[in-house]
Amino acid sequence: NIDLVKVPPQPTAGLAPGLERDLYPAGFDVLPDIVGLEDGTTSSVAGLDLGGCETSGPLTLRYRGFLLIERTGVHTFALQSLGGSRLRLGDLVLIDHDGPHWLSRKSRSAYLESGAYPFVLDYTTRADAPELRLDVAPPGGELGPIGPGSLWRDAATASRGRAPLG
């Protein structure tokens, strides 16, 4: 069963490579209101890797920026996590894989026109070794990791190194 969702793209002017990653040193059973969390740091990262987070224990992350779609058509997304995760494109929750669970994957397809889409990926885990992966299959293609060339952030608000949030 395939869900088809049409989401309008955004302008691509003023974007820089990579994403912003907000990191909070606490994990939860379900995704919290991340905007209300304290004691977090933000950094610019090249992609969706967990660099610097692999052995830090329980944590909550938010990756934010834009997903660049090169070809119009049906794209399938697969979100795999150990713990709660949620993928949003614009205001649309494309995949909600929240709640405490072992490593598992949830998929959904969306019809996307070429362009840049506001992108937010939230993740929380109480595990000592977090696991998070997002794959995409472009029209007619196979599932595979989203490449760094597809992930962009707002150049005007991009963080410079690591800074406290709040």
Atom pairs and distances, donor-acceptor, side-chain atoms in residues 82-93, under 3.5 Å, two or more places apart:
| residue | atom | partner | partner atom | Å |
| --- | --- | --- | --- | --- |
| S85 | OG | S81 | OG | 2.8 |
| R86 | NH2 | D98 | OD2 | 3.2 |

Straight-line distance of [X] [atom1] to [Y] [atom2], nearest 0.5 Å:
X   : Y   : atom1 : atom2 : result
L61 : Y24 : CG    : OH    : 9.5 Å
L79 : H97 : CG    : NE2   : 6.5 Å
D22 : T41 : CG    : OG1   : 8.0 Å

By side chain to side chain contact (heavy atoms under 4.5 Å, CB included), which residues pair with [X], not counting sequence neighbours?
X    : result
A46  : none
P25  : none
V136 : H75, F77, I146
R105 : A78, Q80, S107, D135, L143

What residues form a side-chain hydrogen bond (donor to acceptor under 3.5 Å, both in side chains) with [X], not counting sequence neighbours?
X    : result
T72  : none
S150 : none
T125 : none

For W152, the rest of its hydrophobic cluster, which grows through side-chain links under 4.5 angstrom: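 Direct or chained contacts put W152 with L15, F66, L68.
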Derivation of the side-chain contact (heavy atoms from CB on, under 4.5 Å) call for L121 and L132: CA-CA 10 Å; L121 178 58; L132 176 68; 4.1 Å; yes
Which is it for F119 and L19 under the side-chain contact (heavy atoms from CB on, under 4.5 Å) test, yes or no, and what are the steps along the way? CA-CA 9 Å; F119 171 94; L19 295 171; 4.0 Å; yes
For [X] versus [Y], what's the shortest heavy-atom pair and its separation?
X    : Y    : result
A137 : G141 : CB-O, 3.7 Å
G140 : R71  : N-NH2, 4.5 Å
S114 : P9   : O-CG, 3.7 Å
A110 : L94  : CB-CD1, 3.8 Å
G73  : P139 : CA-CG, 3.7 Å

Test your reading of the model: is there a side-chain donor-acceptor pair from R62 to the backbone of Y123, 3.5 Å cut-off?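 Looks like no, no N/O pair under 3.5 Å.
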Check whether T124 reaches the backbone of F28 with its side chain - one donor and one acceptor, N or O, closer than 3.5 Å.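 At least one qualifying donor-acceptor pair exists.
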Worked check of side-chain contact (heavy atoms from CB on, under 4.5 Å) between T42 and R64: CA-CA 10 Å; T42 191; R64 50 193 167 82; 3.3 Å; yes
Criterion side chain to side chain donor-acceptor pair (under 3.5 Å) on E20 and S44, from CA distance to verdict: CA-CA 5 Å; E20 294 295 307; S44 296; 2.8 Å; yes
